[in-house]
Trainee: 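One structure follows; several queries about it will come next.
Just so we're clear, the structure is a prediction, and the values are computed from it rather than from any experiment. Side-chain atoms are counted along with the backbone in the values below, which use heavy atoms only and exclude waters and symmetry mates.
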Amino acid sequence: MAAPHVAGAIALVKEANPTWSNAKIYGAIKTTAARLKNDEEESIDPIVQGMGLIQPKQAIEAETILYDPQLTFGQIDDYSENRKRKTIIENTSNKTKTYHFKIPYKQAGLSWKLPKSFTLKPHEKKQITIELRVTSSQLKKGVHQGWITLNEQGNTYEMPYLFVNKSADNPKAMGFEFSLKPFSDDVFTYRLYVTEPAQRVDIDLYNPDTLVYERRLMTKEDMNTGVNEGQLKKSEAGESGHYLAIVTVQLADGSYESHQTMITIP
């Protein structure tokens, strides 16, 4: 049910702000999403909740928009590595705003280099760079994730981050998403996160009840570390239904890893 909720929210924001670009609409929805917590009031991991709960009204009225607030730094292979990610911040209001990052809790093995306090005039955009230095020997192997907080005069904006510290046990493909493109009934979009460069990725569909092989959904080559996105025509996706998708990743060294998830083709 995630896809129709997102499509509905996009439609509401587009109707209220018809001159906004798609990137601006997506940014507004992500920026204003509410971070989800469990019963113990602890934040649910970013890899599970993404940006959080969509809030259409807040997205429509957003006075600050982060165009790409999800920070994926890939896999750390060496003893020490620096990774940089860029994002754009826009002040959509009619007043000047000053922003500053909250210094993250100090943790052995992690060192952040964040922009100093900066000011944006009304409707001004600014590209910023966020730098992370990882000393792998000081961290546990596996997935590391958390949140970076941007403050602005009583308002806070959460930016989830994720990286993988070198480990043979890590899943090599995670979070395969497949849904109809908003405002379209014949084009699908997909998102697949890989933790290291892949020579080839095959996605095969199986009957979830009998586990009988149905067909190959898609094959992609030379996928980069991080989020890989694309589109697929409905004619290429094949017959509608619920499927068990097996994602098989061929790594640079020729070895294979697999990941499974459920998808629905409307």
Side-chain angles (χ1 to χ4, degrees), residues 1-15 17-18 20-31 33 46-54 56 59 67-70 72 74 160 162 171-250 256-266:
M1 290 300 293
H5 278 88
V6 174
I10 291 172
L12 290 172
V13 179
K14 183 69 173 178
E15 181 179 22
N17 300 287
W20 283 13
S21 66
N22 289 342
K24 191 169 182 174
I25 292 173
Y26 299 158
I29 290 174
K30 290 179 179 180
T31 302
I47 201 171
V48 176
Q49 68 165 298
M51 288 300 300
L53 179 67
I54 286 178
Y67 277 70
D68 191 9
Q70 293 169 291
T72 56
L162 180 148
K172 299 302 185 291
M174 299 180 289
F176 178 63
E177 302 172 11
F178 187 81
S179 61
L180 274 173
K181 182 179 179 181
F183 310 115
S184 174
D185 58 3
D186 61 355
V187 176
F188 291 95
T189 60
Y190 68 83
R191 289 165 54 92
L192 175 66
Y193 181 85
V194 293
T195 58
E196 60 183 77
Q199 290 187 26
R200 175 188 173 106
V201 175
D202 295 318
I203 301 177
D204 296 307
L205 302 183
Y206 292 78
N207 184 303
D209 299 318
T210 64
L211 299 183
V212 172
Y213 175 78
E214 296 282 347
R215 64 184 181 276
R216 175 155 294 177
L217 176 65
M218 55 188 284
T219 295
K220 296 295 176 181
E221 297 182 347
D222 299 324
M223 301 193 83
N224 298 319
T225 299
V227 177
N228 292 265
E229 301 177 296
Q231 296 183 356
L232 197 68
K233 293 181 180 179
K234 192 170 185 179
S235 59
E236 298 174 302
E239 186 177 352
S240 61
H242 301 284
Y243 296 95
L244 174 66
I246 304 295
V247 182
T248 304
V249 181
Q250 182 182 7
Y256 290 86
E257 297 283 346
S258 64
H259 163 73
Q260 65 182 40
T261 186
M262 294 295 299
I263 69 168
T264 298
I265 299 178

Trainee: Using a 4.5 Å cut-off on heavy atoms from C-beta on, say whether the side chain of Phe188 contacts that of Lys234.
Mentor: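 Yes, side chains in contact.
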
Trainee: Please give me the minimum heavy-atom distance between Ile265 and Gly238, naming the atom from each residue.
Mentor: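 Minimum heavy-atom separation between Ile265 and Gly238: CG2-O, 4.1 Å.
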
Trainee: Between Leu162 and Pro46, is any pair of side-chain heavy atoms under 4.5 Å apart?
Mentor: no

Trainee: Identify all side-chain donor-acceptor contacts of residues 243-250 below 3.5 Å with residues at least two apart in sequence or on another chain.
Mentor:
{"residue": "Tyr243", "atom": "OH", "partner": "Arg215", "partner atom": "NH1", "Å": "3.1"}
{"residue": "Tyr243", "atom": "OH", "partner": "Arg215", "partner atom": "NH2", "Å": "3.4"}
{"residue": "Tyr243", "atom": "OH", "partner": "Glu239", "partner atom": "O", "Å": "2.9"}

Trainee: Is any side-chain heavy atom of Asn228 closer than 4.5 Å to one of Lys220?
Mentor: no

Trainee: Roughly how far apart are Lys233 NZ and Ser184 OG, rounded to 0.5 Å?
Mentor: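 Interatomic distance, Lys233 NZ to Ser184 OG, rounded to 0.5 Å: 11.0 Å.
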
Trainee: For Phe183, does the CZ atom sit with more than 12 other heavy atoms under 6.0 Å from it, leaving out its own atoms?
Mentor: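 Atom CZ in Phe183 is packed in, count exceeds 12.
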
Trainee: What heavy-atom pair brings Pro56 and Ala9 nearest, and what distance separates the two atoms?
Mentor: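 That closest heavy-atom pairing would be CG-CB, 4.2 Å.
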
Trainee: Measure the OH-OG1 distance between Tyr67 and Thr31 for me, rounded to the nearest 0.5 Å.
Mentor: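 Output value for this atom pair is 9.5 Å.
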
Trainee: For Leu232, does its backbone N or O pair with a side-chain atom of Lys181 as donor and acceptor, under 3.5 Å?
Mentor: no

Trainee: Do you know the tightest heavy-atom contact between Pro160 and Gly50?
Mentor: CG-O, 4.2 Å

Trainee: Mind listing the side-chain donor-acceptor pairs of residues 198-210 below 3.5 Å, one per line with the distance, residues two or more places apart or on another chain?
Mentor:
{"residue": "Gln199", "atom": "NE2", "partner": "Leu251", "partner atom": "O", "Å": "3.3"}
{"residue": "Gln199", "atom": "NE2", "partner": "Ala252", "partner atom": "O", "Å": "2.9"}
{"residue": "Arg200", "atom": "NE", "partner": "Asp202", "partner atom": "OD1", "Å": "3.1"}
{"residue": "Arg200", "atom": "NE", "partner": "Asp202", "partner atom": "OD2", "Å": "3.0"}
{"residue": "Arg200", "atom": "NH2", "partner": "Asp202", "partner atom": "OD1", "Å": "3.2"}
{"residue": "Asp202", "atom": "OD1", "partner": "Thr219", "partner atom": "OG1", "Å": "2.8"}
{"residue": "Asp204", "atom": "OD1", "partner": "Arg216", "partner atom": "NE", "Å": "2.7"}
{"residue": "Asp204", "atom": "OD1", "partner": "Arg216", "partner atom": "NH2", "Å": "3.3"}
{"residue": "Asp204", "atom": "OD2", "partner": "Arg216", "partner atom": "NH2", "Å": "3.2"}
{"residue": "Asn207", "atom": "OD1", "partner": "Asp209", "partner atom": "N", "Å": "2.8"}
{"residue": "Asn207", "atom": "OD1", "partner": "Thr210", "partner atom": "N", "Å": "3.1"}
{"residue": "Thr210", "atom": "OG1", "partner": "Val212", "partner atom": "N", "Å": "3.3"}

Trainee: Please indicate whether Glu15 has more than 12 foreign heavy atoms, meaning atoms of other residues, nucleotides or ligands, lying under 6.0 Å from its CD.
Mentor: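 Counting other residues, nucleotides and ligands, CD of Glu15 stays at 12 neighbours or fewer.
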
Trainee: As an exercise, state the distance from CD1 of Ile29 to CD1 of Ile10, rounded to the nearest 0.5 Å.
Mentor: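 So the gap between those two atoms works out to 5.0 Å.
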
Trainee: Just how far is it from atom OG1 of Thr261 to atom CZ of Phe178, taken to the nearest 0.5 Å?
Mentor: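 So the OG1 of Thr261 and the CZ of Phe178 are separated by 12.5 Å.
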
Trainee: Would a 4.5 Å heavy-atom cut-off, applied to side chains only, mark Lys30 and Gln70 as touching?
Mentor: yes

